[in-house]
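First the structure, in the form of structure tokens, and then the observations on it.
Heavy atoms only: backbone and side chains are in, while hydrogens, waters and symmetry mates are out.
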Amino acid sequence: MDEIITIGYEFHLRSGEKKNFSVHLNKNSMQIVPEPSTTVRSWTKLTHHQCPNCPLNPETTPNCPIAANLVDVIESFKDSLSIEEADITIRSESREYHKRATVQYGIGSLMGLYMVTSDCPVMDKLRPMVFTHLPFSTLEETLFRAISMYLLAQYFREQHGQTPDWKLEHFTRIFQDIAEVNQSFTRRLLRINPADASLNALVGLDCFAIALGFSTVEENLKEFEPLFQAYLPDGNLPKA
């Protein structure tokens, strides 16, 4: 039997209410292990605002895999406002994170986790990052991890006889596609007219995707270059 790991999200709202979510993942693939019974809603149907870049066929995949897994999260926060504060705790098998922040901050992290582990062919490209799941990450941290993941993917492509992209020529395309998914998913959620916490959480995720997908990789990498002085000839870099 495949080993299962669990990442738990706990929201302690100022009202005293607690909301708990457990994301179960296959440890080898970081693929989500679906709950025995998945709630289905009309807005979870694949054809409901299906992403323009979605390769799935509704005849074989009747429900959007991301929407089907996010039903309970979306419905739990359907009346929550973005500005509502919460104590957010995230636990994995090896560490715990805690932050007091607006509720949308934690929802965005939780939604992002579901989106990249739910077998969406577009979002799957980011699934390896779940191996080092980093809640509340900054744009710089996300960029560093994403590029590291992408370069490791090129190593494995080369090992399997495929052409690697060591120059990162196709890196930004991944995030352009993800931005399209985020925007389509926002239209999907508007169907049920939730309060703004879930919608603004998606907007936050989209800002990350847009920043990474529509900027120059070379410019983004410049800020990291001084970290690698030990790997480069003396004199090539200014001292930190």
Side-chain angles (χ1 to χ4, degrees), residues 2 4 7 9 21-26 28-80 104 107-130 133 146 149-150 153 157 160 162 170-210 212-214:
D2 291 326
I4 304 300
I7 299 177
Y9 273 70
F21 303 90
S22 295
V23 184
H24 305 292
L25 304 168
N26 181 300
N28 291 325
S29 65
M30 291 297 154
Q31 181 179 1
I32 198 166
V33 179
E35 297 296 329
S37 59
T38 301
T39 306
V40 176
R41 298 285 186 262
S42 60
W43 63 271
T44 68
K45 297 295 183 183
L46 184 67
T47 53
H48 182 78
H49 289 292
Q50 184 173 359
C51 302
N53 55 345
C54 175
L56 298 177
N57 186 332
E59 292 184 2
T60 55
T61 310
N63 290 295
C64 166
I66 293 175
N69 283 318
L70 272 175
V71 169
D72 290 342
V73 175
I74 300 301
E75 294 193 347
S76 181
F77 288 104
K78 63 182 175 62
D79 297 321
S80 297
Q104 75 173 56
I107 297 173
S109 180
L110 179 57
M111 290 178 70
L113 180 59
Y114 272 109
M115 292 178 83
V116 303
T117 59
S118 291
D119 264 353
C120 165
V122 177
M123 301 297 294
D124 264 356
K125 294 288 199 310
L126 296 189
R127 194 194 301 174
M129 291 177 68
V130 179
H133 183 50
M149 173 206 68
Y150 187 82
R157 284 179 59 86
H160 284 264
Q162 297 178 297
H170 304 298
F171 173 77
T172 57
R173 180 62 196 176
I174 291 175
F175 289 91
Q176 291 168 11
D177 287 339
I178 288 171
E180 195 162 18
V181 170
N182 290 336
Q183 291 157 21
S184 295
F185 204 83
T186 299
R187 291 190 289 272
R188 180 183 290 273
L189 289 186
L190 286 171
R191 165 70 173 76
I192 57 174
N193 194 30
D196 67 356
S198 296
L199 293 174
N200 284 342
L202 260 178
V203 170
L205 293 176
D206 197 37
C207 288
F208 274 107
I210 290 173
L212 271 59
F214 296 90

| query | For the side chain to side chain contact (heavy atoms under 4.5 Å, CB included) test, which of Val73, Asn69, Val23 pairs with Leu113? | reply | Val23
| Heavy-atom distance under 4.5 Å between the side chains of Ser29 and Arg127, does that happen here? | yes
| query | Is there a donor-acceptor pair under 3.5 Å between the side chain of Thr44 and the backbone N or O of Arg41? | reply | yes
| task | Could you tell me the separation between the OG1 atom of Thr117 and the CG atom of Leu126, rounded to the nearest 0.5 Å? | result | 11.5 Å
| task | Spell out, as yes or no, whether a donor-acceptor pair under 3.5 Å connects the side chain of Ser118 to the backbone of Met115. | result | no
| remark: Taken to the nearest 0.5 Å, the spacing of Glu180 CD from Asn53 CG works out to 4.0 Å
| message | For a side chain to side chain contact (heavy atoms under 4.5 Å, CB included) check, start with the C-alpha distance between Asp124 and Met30, then their side-chain angles and the critical distance, and finish with the verdict. | response | CA-CA 10 Å; Asp124 264 356; Met30 291 297 154; over 6 Å; no
| message | Using modelled atom types and a 3.5 Å cut-off, is there a donor and acceptor pairing between side-chain atoms of Arg188 and backbone atoms of Ala67? | response | no
| field | Phe185 to Cys64 - nearest heavy-atom pair and separation | value | CE1-SG, 4.3 Å
| Side-chain touch Asp177/Val181, heavy atoms, less than 4.5 angstrom | no
| query | Is there a side-chain contact between His133 and Ile7 (heavy atoms, below 4.5 Å)? | reply | yes
| query | Are Met129 and Val116 side-chain neighbours, meaning at least one heavy-atom pair lies under 4.5 Å? | reply | no
| remark: Taking every heavy atom of Ser42 against every heavy atom of His48, the minimum-distance pair comes out as O-CB, 4.0 Å
| message | I'd like to check His49 versus Ser184 (side-chain heavy atoms, cut-off strictly below 4.5 Å). Are they in contact? | response | no
| If you measure from NE2 on His170 to CD on Gln176, what distance do you get to the nearest 0.5 Å? | 12.0 Å
| field | Ile32 and His24, any side-chain heavy atoms less than 4.5 Å apart | value | no
| request: Report the C-alpha distance between Phe21 and Ser76 in whole Å, list the side-chain angles of each, state the deciding distance to 0.1 Å, and finish with yes or no for side chain to side chain contact (heavy atoms under 4.5 Å, CB included). | output: CA-CA 10 Å; Phe21 303 90; Ser76 181; 3.6 Å; yes
| task | Please report the C-alpha distance between Leu46 and Asn63 in whole Å, then the side-chain angles of each, then the deciding distance to 0.1 Å, and finally whether the side chain to side chain contact (heavy atoms under 4.5 Å, CB included) criterion is met. | result | CA-CA 4 Å; Leu46 184 67; Asn63 290 295; 5.9 Å; no
| field | Sub-6.0 Å ring centroid separation between Tyr150 and Phe175 | value | no
| field | Side chain to side chain, Tyr9 and Ser109, heavy atoms closer than 4.5 Å | value | yes
| query | Does Trp43 reach the side chain of Val71, with side-chain heavy atoms less than 4.5 Å apart? | reply | yes
| task | Kindly say whether Leu56 contributes a backbone atom to a donor-acceptor pair with the side chain of Gln50 at under 3.5 angstrom? | result | yes
| request: Please check if atom CD in Glu59 has more than 12 non-hydrogen atoms from other residues, nucleotides or ligands closer than 6.0 Å. | output: no
